[in-house]
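A short write-up of the structure that comes next.
Values below: every heavy atom of this structure, side chains too, minus hydrogens, waters and symmetry copies.
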Amino acid sequence: MKKQLLFLVIFINLIVNAQERTYVQMQIDDSYKSKLLSPIWVKDSIGIAPGNVQLKIKHMTMNSVVFTIPTYEGEKTVKLKAGSTFTFKIKRKNDLILPYTIKYITEISNEKKTKSLYWISNYRLTGTFKTADCNFKISIRDMDGNGIFEKKDSEIGTNLSIDINNDGKFYGKNEHYTTHQLISLCNVTYTINILSEEYTLIFKKNSRPIPKLGDKVIPFIEKSFDGITINSNNLLGKPLILDFWASWCLPCVEKFPLLKSIETNYKKDLNIITINIDYPNRIEAAKNILINYKIDWPTTIDGLGNENVLWKFYGSAYGHKQMTIPLYCIFDSHGILKYVGNGGENLNKIKNILKSIK
């Protein structure tokens, strides 16, 4: 198999190191009641909660659980009936005191009994994004409950909320984001960084807007192992598919044969580039998948995960569920974006788009 694993080396005019930044100082809101349950991993008589908080399990049945836990007020012994909760505070990094809740849930399904302890973080950071043209309340959540507000929280879900309509609530799909994606506020595109220790968000202006249908392909340059340069400008003249995937994304991998079938049908009249968004610990798994599926079209594997620049742009594109994979972007022979989405069942949407632009 001819294997072309490409490493992303240069992007042209993508992210500009602009001097203009907006700093948002955040404050702890410990009145927040989260609905996000993080599992407490239990093995033998020890439970490990997020942030390496250890519970000593003394008794655990379908009816109740008894455990001891270190709290801000000292070690406590707690008994919970199934379905009940215990709320407390613990000291985190930098002597920060944060409130949590533990919930005990038992279930019987298909004669299988499960007993689970869950960790709930009852806090968030809140602040105000303010420029000459904008004034929005914002908040970020500690998605894994480890007491640290960090960018990797967005691996779990939408950790950033913005009160776009200024109604005093964070509600609706247009008000929840991840700190990995690009965000447009008052017609300005921003990338976001979190200074965890200072509880500060940095919104940095970006010169390129979030992609939408009808836009030209973002210029990029890639280089293969054998030194061959892949330039997006040289891909014009044929339709182009950018396929964003990761080794842990089963639907992404399962659709490789369908994508290969599309490539076969179009023979040499179609360009495909597969862009992997794994982190370094999954690179070998990604390579093995490419070998097993005999993928011989160009593939980028840079180990940057959600910080991959093309993914940050097209994952944030309008018209689909943002920052989700599988994601396919289709451009016509002139480099104009015609489709962005998950491809539909059996990649039928891709097939229909290609027929319409052939």
query = Can you check ring-ring contact (aromatic ring centres under 6.0 Å, His included) on Phe129 and Tyr190, steps first, answer last?
reply = CA-CA 12 Å; Phe129 175 88; Tyr190 295 93; 5.4 Å; yes
Candidate pair Tyr314 and Phe331, rule ring-ring contact (aromatic ring centres under 6.0 Å, His included), full reasoning = CA-CA 12 Å; Tyr314 286 111; Phe331 303 84; 5.7 Å; yes
inquiry  = I'd like to know whether Leu270 forms a side chain to side chain contact (heavy atoms under 4.5 Å, CB included) with Lys238, so could you lay out the CA-CA distance, the side-chain angles of the two residues, the decisive distance to 0.1 Å, and finally the verdict.
reply    = CA-CA 6 Å; Leu270 176 66; Lys238 299 178 184 178; 5.9 Å; no
task = May I have the step-by-step check of side chain to side chain contact (heavy atoms under 4.5 Å, CB included) for Tyr123 and Ser34, ending in yes or no?
result = CA-CA 7 Å; Tyr123 56 86; Ser34 174; over 6 Å; no
key: Within-4.5 Å side-chain heavy-atom neighbours: Met62 and Ile108   =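 Counting from C-beta outward, Met62 and Ile108 do come under 4.5 Å.
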Pairs satisfying ring-ring contact (aromatic ring centres under 6.0 Å, His included), at least one member in residues 24-70, at least two apart =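 As it turns out, there is no ring-ring contact (aromatic ring centres under 6.0 Å, His included) pair with a partner in residues 24-70 once direct neighbours are skipped.
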request  = List in chain and number order the residues that pass ring-ring contact (aromatic ring centres under 6.0 Å, His included) with Trp119, two or more places apart in sequence or in another chain; answer none if no residue qualifies.
outcome  =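 In terms of ring-ring contact (aromatic ring centres under 6.0 Å, His included), with neighbours along the sequence ignored, Trp119 is linked to Phe88, Tyr100.
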request  = Any chance you could measure Tyr328, atom OH, to Ile272, atom CD1, to the nearest 0.5 Å?
outcome  =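 Separation between the atoms: 10.0 Å.
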key: Approximate separation, where rounding is to 0.5 Å, of Ile291 CD1 and Ile295 CD1   =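 Between atom CD1 of Ile291 and atom CD1 of Ile295 there are 11.5 Å.
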Check: Tyr339 side chain, Gly343 main-chain N or O, donor-acceptor pair, under 3.5 Å =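 Checked: pair present.
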request  = Output yes when a side-chain donor or acceptor of Glu175 lies under 3.5 Å from a complementary backbone atom of Asn165, and no otherwise.
outcome  =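 Pair found, side chain donor or acceptor close to backbone of Asn165.
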Pair [X], [Y]: side-chain N/O donor-acceptor within cut-off below 3.5 Å:
X: Arg141; Y: Ser161; result: yes
X: Asp29; Y: Ser31; result: yes
X: Lys137; Y: Thr128; result: yes
X: Tyr279; Y: Glu307; result: no
X: Asp153; Y: Thr179; result: no

ask   = Can you check side chain to side chain contact (heavy atoms under 4.5 Å, CB included) on Met323 and His180, steps first, answer last?
value = CA-CA 8 Å; Met323 305 306 282; His180 279 296; 4.1 Å; yes
Criterion side chain to side chain contact (heavy atoms under 4.5 Å, CB included) on Trp245 and Leu290, from CA distance to verdict = CA-CA 11 Å; Trp245 73 291; Leu290 294 172; 3.8 Å; yes
query = Does the pair Glu107/Lys113 count as a salt bridge with the N-to-O cut at 4.0 Å?
reply =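 Between Lys113 and Glu107 there is no salt bridge, as every charged N stays at least 4.0 Å from the carboxylate O atoms.
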task = From the options Asn288, Asp278, Asn276, select the one residue that forms a side-chain hydrogen bond (donor to acceptor under 3.5 Å, both in side chains) with Ser247.
result =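 Going through the options one by one, the only one that passes is Asp278.
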